[in-house]
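Have a look at the structure below before the remarks.
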There are 2 protein chains.
Amino acid sequence: MKTSKLERLQAEGWSVGNAEDFLQLSDEEARLVALKLSLVSAVKKSRIKRKLSQIDLAQRMKSSQSRIAKIEAGDPSVSLDLIVRALIASGATTRDIQVAFTKE
Amino acid sequence: MKTSKLERLQAEGWSVGNAEDFLQLSDEEARLVALKLSLVSAVKKSRIKRKLSQIDLAQRMKSSQSRIAKIEAGDPSVSLDLIVRALIASGATTRDIQVAFTKE
DNA sequence: TGAGTGTATGTCGGAAATGACATATTCGCA
DNA sequence: TGCGAATATGTCATTTCCGACATACACTCA
């Protein structure tokens, strides 16, 4: 499979998948989710530490209170981008972010 | 402003912005961009280290070669989510990811 | 009790990101 | 030189994510 031509690979599409691929993907997806959760808890911690309400934080990053609530609730509709944005906007230091990642 | 009512704040919308807010936002945006760039270079490094072509990596994460190219080129259409997915799929260890973040 | 403040949840139209594809460009090597 | 593999660039339809809003719930005081 490694040496297949691009055309062939593209033509195959989903048919190239197998159980192993699926499991592997699940594992990687799990790592990403774990990472997100770690950052999410860092957001809440940082926000509380600075005594900011969800509304305050939302204003800082030009977002909305409901989005912040969803971030902190680990809602699947929230991207890693938004989580990190919130982390930065909440006043988290570079070190804080590192630590959150370290917890992965 | 801190004590304004939610209704009032929501009604104000963009009008609450001022130069300071803008600069602050720019700074935070800059931090995010710097972080992305750091991770992007980690993706390429990790991929090369494992001797994977962009096509290989694309298959691993069910994406496409052109997306991988855009990730590595720092294309603005690429999300942090996708960058981290690529980093994980490329076989980067937790430590590799930490290091990339440390470079922020 | 009820008013005020903060957080959670569901929905929606518009905006942004995605994979796929076509095609161009670059690069290594026979 | 030329051929094939790898990478880059541009476009597009579909999917995903977003802010905004409405509203429900939780908690604290007076």
Side-chain angles (χ1 to χ4, degrees), chain A residues 1-17 21 25 29 32-33 36 40-41 43-45 47-48 50-86 89-90, chain B residues 1-17 21 25 29 32-33 36 39-41 43-45 47-86 89-90:
Chain A
M1 181 158 69
K2 261 182 188 167
T3 58
S4 301
K5 289 181 182 175
L6 173 55
E7 290 168 359
R8 176 155 173 64
L9 292 173
Q10 288 177 338
E12 284 174 350
W14 270 93
S15 69
V16 298
D21 284 354
L25 198 61
E29 202 59 29
L32 185 61
V33 169
K36 282 190 180 185
V40 153
S41 94
V43 167
K44 186 157 191 173
K45 213 165 282 181
R47 178 177 69 78
I48 300 295
R50 273 90 180 175
K51 300 187 198 300
L52 298 172
S53 68
Q54 290 184 346
I55 293 177
D56 292 335
L57 180 54
Q59 282 186 272
R60 282 197 182 204
M61 54 187 287
K62 309 283 186 206
S63 181
S64 62
Q65 180 269 326
S66 60
R67 269 291 132 198
I68 306 297
K70 276 158 192 164
I71 290 172
E72 296 187 355
D75 189 293
S77 81
V78 174
S79 73
L80 186 53
D81 280 88
L82 198 66
I83 295 171
V84 173
R85 261 187 242 276
S90 74
Chain B
M1 180 157 72
K2 262 181 189 168
T3 57
S4 300
K5 289 181 183 176
L6 173 56
E7 289 169 0
R8 176 154 172 65
L9 293 173
Q10 287 178 340
E12 284 173 349
W14 269 93
S15 70
V16 298
D21 284 354
L25 198 62
E29 201 59 31
L32 185 61
V33 169
K36 281 190 181 184
L39 291 169
V40 153
S41 93
V43 167
K44 184 156 192 172
K45 213 165 282 181
R47 178 178 68 79
I48 300 295
K49 186 176 175 184
R50 273 90 179 176
K51 298 187 199 300
L52 298 171
S53 68
Q54 291 184 344
I55 293 176
D56 292 334
L57 180 54
Q59 283 186 273
R60 283 197 182 206
M61 54 187 288
K62 308 284 185 204
S63 181
S64 62
Q65 180 270 327
S66 61
R67 270 290 130 201
I68 307 296
K70 276 158 192 163
I71 290 172
E72 296 187 354
D75 190 293
S77 81
V78 175
S79 73
L80 186 53
D81 278 87
L82 197 66
I83 296 171
V84 173
R85 273 199 182 88
S90 74

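As the structure is a computational prediction, the values presented were derived from the model and not from experiment.
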request  = Please assess Met61(A) against Ile68(A) for the test side chain to side chain contact (heavy atoms under 4.5 Å, CB included), listing each intermediate value before the final yes or no.
outcome  = CA-CA 10 Å; Met61(A) 54 187 287; Ile68(A) 306 297; 3.9 Å; yes
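Contact between Val43(B) and Ile83(B) at its shortest, heavy atoms only, is CG2-O, 3.7 Å.
The CG atom of Leu82(A) sits 18 Å away from the P atom of dA15(C) (whole-angstrom rounding). As rounded to whole Å, 17 Å separates atom P of dG19(C) from atom CZ of Arg60(B). For the pair Met61(A) CE and dC17(D) P, the computed distance is 15 Å after rounding to whole Å. A straight line from CD of Gln65(A) to P of dG19(D) spans 12 Å, rounded to a whole angstrom. The distance from atom CG of Asp81(B) to atom P of dT15(D) is 19 Å, rounded to the nearest whole Å. Per the geometry, CG belonging to Leu80(B) stands 13 Å off C1' belonging to dA17(C), to the nearest Å. Atom NZ of Lys51(A) is separated from atom C1' of dT7(C) by 18 Å (rounded to the nearest Å). Taking atom CD1 of Ile55(A) as the reference point, atom P of dG19(D) lies 15 Å away to the nearest angstrom.
Atom NZ in Lys70(A) sits 11.0 Å away from atom CG in Leu82(A) (nearest 0.5 Å). Rounding to the nearest 0.5 Å gives a distance of 4.0 Å between NZ of Lys36(A) and CG of Asp81(B). Rounded to the nearest 0.5 Å, atoms CD (Gln59(B)) and NZ (Lys62(B)) are 8.0 Å apart.
Contacts of Arg47(A) with the nucleic acid, taken as non-hydrogen atoms under 4.0 Å apart, involve only primed sugar atoms and P, OP1 or OP2. Heavy atoms of Ser79(B) sit under 4.0 angstrom from primed sugar atoms or phosphate atoms, though from no base atom.
Residues Leu52(A) and Arg60(A) form a side-chain contact, since some pair of their non-hydrogen atoms from C-beta on lies under 4.5 Å apart.
Close to dA8(D), at under 4.0 Å from its OP1 or OP2, lies a side-chain N or O of Gln54(B).
With dT7(C), dG19(D), dA6(D) as the choices, the nucleotide that has an atom nearest any side-chain atom of Ser53(B) turns out to be dA6(D).
Shown here are the side-chain contact (heavy atoms from CB on, under 4.5 Å) partners of Ser77(B), two or more places apart in sequence or in another chain: Arg67(B), Asp75(B).
Contacts with DNA chain C (heavy atom under 4.0 Å) in residues 66-78 of chain B: Ser66(B), Arg67(B), Lys70(B), Ser77(B), Val78(B), listed by number.
Both Lys44(B) and Ile83(A) sit near DNA chain D, but only Lys44(B) has its closest nucleotide nearer the 5' end.
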